[in-house]
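Contents: one structure, followed by commentary.
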Protein chains: 2
Amino acid sequence: MPKPSMTVRELIRAQYESLTQSERKFANSLLENYPAAGLASITIVAANAEVSTPTVARMVQKLGFKGYPQFHQALLKELEAKVSGPNRRRDNWATEAPDGHMLNRFAKSVTQNIEQTFANIDMTQFDAAVRQLGKADSRLYMVGGRITRALADYAFTHFQVVRPRVTHMTSSSATWPHYVLDMEPGDTLLLFDVRRYETNLQRLAEQANERGITVILITDQWSSPIAKVATYTFHCWIEIPSGWDSNITTMMMLEALIAATQEENWPETRARYDRLDSLFDTTFLFKKFP
Amino acid sequence: MPKPSMTVRELIRAQYESLTQSERKFANSLLENYPAAGLASITIVAANAEVSTPTVARMVQKLGFKGYPQFHQALLKELEAKVSGPNRRRDNWATEAPDGHMLNRFAKSVTQNIEQTFANIDMTQFDAAVRQLGKADSRLYMVGGRITRALADYAFTHFQVVRPRVTHMTSSSATWPHYVLDMEPGDTLLLFDVRRYETNLQRLAEQANERGITVILITDQWSSPIAKVATYTFHCWIEIPSGWDSNITTMMMLEALIAATQEENWPETRARYDRLDSLFDTTFLFKKFP
DNA sequence: ATGGCTCTGAAATTAATTTGACAGAGTTTT
DNA sequence: AAAACTCTGTCAAATTAATTTCAGAGCCAT
């Protein structure tokens with residue numbers, strides 16, 4: 001009998017470290033669909049998580065329950081309490097967080113931002129941009145501003161895996177002309193510019209545009225002036241309740257582009273993935289994960 | 001199998017007339033404490049209503065269920081549906097995108113990941129971590145791995161605005177010992193480690209931990225081994241339909257921490273914001289935005 | 001009153017769930 | 001490379017739950 005004040009979810013979280021591989025498999029299955037995935041009989045529950053029944057039985061004992069039935073009861077009680085409880089308010093994301101807590105306000109705006117951003121993607125533009133990003137025979141440059149530099153970096157790390165000829169233009173704008181010098185028609189420039197918009201970036205975009213480079217711009221809902229010269233523009237909703245802007249949707253936009261590009265170029269990129277993987281295997285830098 | 005659209009409560013009401021005396025006894029017991037009084041095994045449920053098990057069995061069959069287990073399941077489903085609220089599940093996010101389009105598949109997993117991640121944040125840990133991150137009198141170090149380096153960079157840019165004494169440990173792990181040398185008890189190390197977990201990071205975390213540094217770890221749902229030595233650990237769900245992992249939730253976690261820290265230290269940080277703003281104004285690097 | 005009727009719960013039967021023992025696979029240590 | 005160890009699933013025994021059977025209780029009409 002574990003502490004009665006703790007939810008099963010908390011119990012799992014607290015003991016997650018001491019769980020074995022298969023036990024985690026079940027734990028994840030439960031957490032992903034909580035608590036529904038734990039309400040059936042042990043046989044069904046185990047089958048859904050693709051582990052054996054003894055694994056589940058052992059784990060619930062590890063969590064402190066006398067047996068599966070106790071565990072089952074505990075889940076039911078929780079569920080019941082939640083329904084009859086005073087504040088079964090759905091906008092409470094972090095189940096335990098109080099209404100006014102930063103986490104909940106934050107979660108709310110993030111969700112809204114994501115919905116807005118997705119709803120405003122122009123499919124034609126998206127698909128065209130993806131095709132452009134996948135053109136492995138030309139160069140792909142990327143650059144960001146003060147804040148979005150990190151995103152350009154992230155983009156670089158991933159596109160480098162997806163395709164060859166990728167360049168991250170470092171943040172020192174003094175060096176940008178050198179890059180422009182080497183750009184050729186057909187090349188691509190992936191550009192991040194959110195408020196406050198940076199004049200350096202705008203000049204860079206204009207120069208690139210004059211040289212016949214395809215400019216893909218990821219900006220915010222208010223649109224950077226660069227949009228005027230960009231071939232494709234994607235707007236991201238970035239307002240959150242704080243003094244600065246969130247870049248979750250910006251990164252989401254970026255990841256969506258990467259994912260689509262990767263899918264488009266499959267299986268060429270697959271070969272690159274595999275090669276990279278075997279390189280990692282020989283460097284011992286990384287741990288194998290289950 | 002009764003009409004799936006009907007709740008058990010409605011079923012009972014509809015057939016109440018045709019129920020016998022003992023059956024009504026059970027029905028009332030259930031309706032009085034609905035649905036809790038129907039969630040246990042038939043034996044217990046019957047005992048609570050002070051009727052025999054056959055009575056219950058007969059009645060649920062009369063209601064249209066094949067047997068008690070079916071009835072039980074139906075109650076659970078109802079309860080579950082109630083908790084998860086009005087299913088506002090959007091199948092198509094990008095309004096124009098067809099069902100199978102990458103964007104929609106992507107949006108779906110991202111949403112799930114976000115929900116998962118939020119639901120699994122331990123409030124106590126979160127608040128404590130925020131307090132630690134806001135301790136302006138000690139140093140705050142941050143570091144990431146191959147992929148998460150960009151996130152550490154992003155974290156640096158923002159925390160630098162929020163508070164003084166912030167250091168981004170550059171990606172070359174050869175230089176890390178030098179940083180450790182300068183770390184002092186009370187300092188904080190914000191660490192990103194998602195799969196594939198990096199051994200260098202683990203060694204760094206262990207050393208920091210030995211020196212009495214508070215280690216805040218942001219990792220994935222499978223948990224980096226660093227969690228063993230970390231003071232606070234936050235798990236992010238990062239799986240998307242692609243060969244690599246999404247870091248949207250990782251960034252979200254980070255932003256949430258930043259936002260909370262900023263709120264915690266208001267108005268000290270406000271002064272820094274204002275100062276930064278006037279600095280920008282004098283450099284002409286940035287455009288004014290509306 | 002008594003035969004016919006329905007309803008009820010004890011007990012027996014049947015089905016299912018849960019747990020413990022064990023052996024093989026995989027991993028780490030010596 | 002061998003040994004020790006840990007983990008995992010198969011299987012069978014034990015426990016528990018659900019269903020069926022059936023005898024008796026209550027009720028009503030004759």
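All of these numbers come straight from a predicted model, not from anything done at the bench.
Every ring-ring contact (aromatic ring centres under 6.0 Å, His included) that A:Tyr16 has, sequence neighbours left out, goes to B:His235.
Of the possible polar contacts, none joining the B:Tyr232 side chain to the B:Leu217 backbone as a donor-acceptor pair under 3.5 Å is found. Between the side chain of B:Thr7 and the backbone N or O of B:Glu10 there is at least one donor-acceptor pair closer than 3.5 Å. Between the B:His168 side chain and the B:Tyr141 main chain, no donor and acceptor come within less than 3.5 Å of each other.
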List the atom pairs, with distances to 0.1 Å, where a side-chain N or O of residues 178-193 of chain B and a protein N or O form a donor-acceptor pair under 3.5 Å, not counting sequence neighbours.
from     : atom 1 : to       : atom 2 : distance (Å)
B:Asp187 : OD1    : B:Arg139 : N      : 3.0
B:Asp187 : OD2    : B:Glu184 : N      : 2.9
B:Thr188 : OG1    : B:Gln132 : NE2    : 2.8
B:Asp193 : OD1    : B:Glu198 : N      : 3.4
B:Asp193 : OD2    : B:Ser224 : OG     : 2.8

Donor-acceptor pairs are to be reported for all side-chain atoms of residues 47-55 of chain B against protein atoms at under 3.5 Å, with residues two or more places apart or in another chain.
from    : atom 1 : to      : atom 2 : distance (Å)
B:Ser52 : OG     : B:Thr55 : OG1    : 3.0

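Because its NZ or CZ atom is not both nearer than 6.0 Å to the ring centre of B:Trp222 and within 45° of the ring axis, A:Arg24 does not count as a cation-pi partner of that residue.
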Dump the pairs, protein N or O against N or O of nucleotides 6-9 of chain D, anything under 3.5 Å, distances to one decimal.
from  : atom 1 : to      : atom 2 : distance (Å)
D:dT8 : OP1    : A:Gln21 : N      : 3.2
D:dT8 : OP1    : A:Ser22 : N      : 2.6
D:dT8 : OP1    : A:Ser22 : OG     : 2.6
D:dT8 : OP2    : A:Thr20 : OG1    : 2.3
D:dT8 : O5'    : A:Ser22 : OG     : 2.8
D:dG9 : OP2    : A:Ser52 : N      : 3.4
D:dG9 : OP2    : A:Ser52 : OG     : 3.2
D:dG9 : OP2    : A:Thr55 : OG1    : 3.0
D:dG9 : N7     : A:Arg58 : NH2    : 3.2
D:dG9 : O6     : A:Arg58 : NH1    : 3.3

Please tabulate the protein-to-nucleotide N/O contacts below 3.5 Å involving nucleotides 23-25 of chain C, giving atom names and distances.
none

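For DNA chain D, the residues of residues 68-75 of chain B within the heavy-atom distance limit of 4.0 Å (strictly under) are B:Tyr68, B:Pro69, sorted by number.
The interatomic distance linking A:Lys66 (NZ) with C:dT17 (C1') rounds to 15 Å, in whole Å. Distance, A:Gln61 CD to C:dT18 C1': 10 Å, rounded to whole Å. With rounding to whole Å, A:Phe65 atom CZ is found 16 Å from C:dT18 atom C1'. Protein atom CZ of B:Phe26 is 18 Å distant from nucleotide atom P of C:dC7, rounded to whole Å. Following rounding to the nearest Å, A:Met59 (CE) and C:dG20 (C1') show an atom-to-atom distance of 20 Å.
Between A:Glu263 and B:Arg105 there is a salt bridge, since at least one side-chain N of the basic residue sits less than 4.0 Å from a carboxylate O of the acidic one. A salt bridge between A:Arg58 and A:Glu23 is absent, with no side-chain N of the basic residue lying under 4.0 Å from a carboxylate O of the acidic one.
Heavy atoms of other residues, nucleotides or ligands lying less than 6.0 angstrom from NZ of B:Lys135 number more than 12.
Judged by distance alone, the side chains of A:Gln262 and B:Trp244 do bring a donor and an acceptor atom under 3.5 Å apart.
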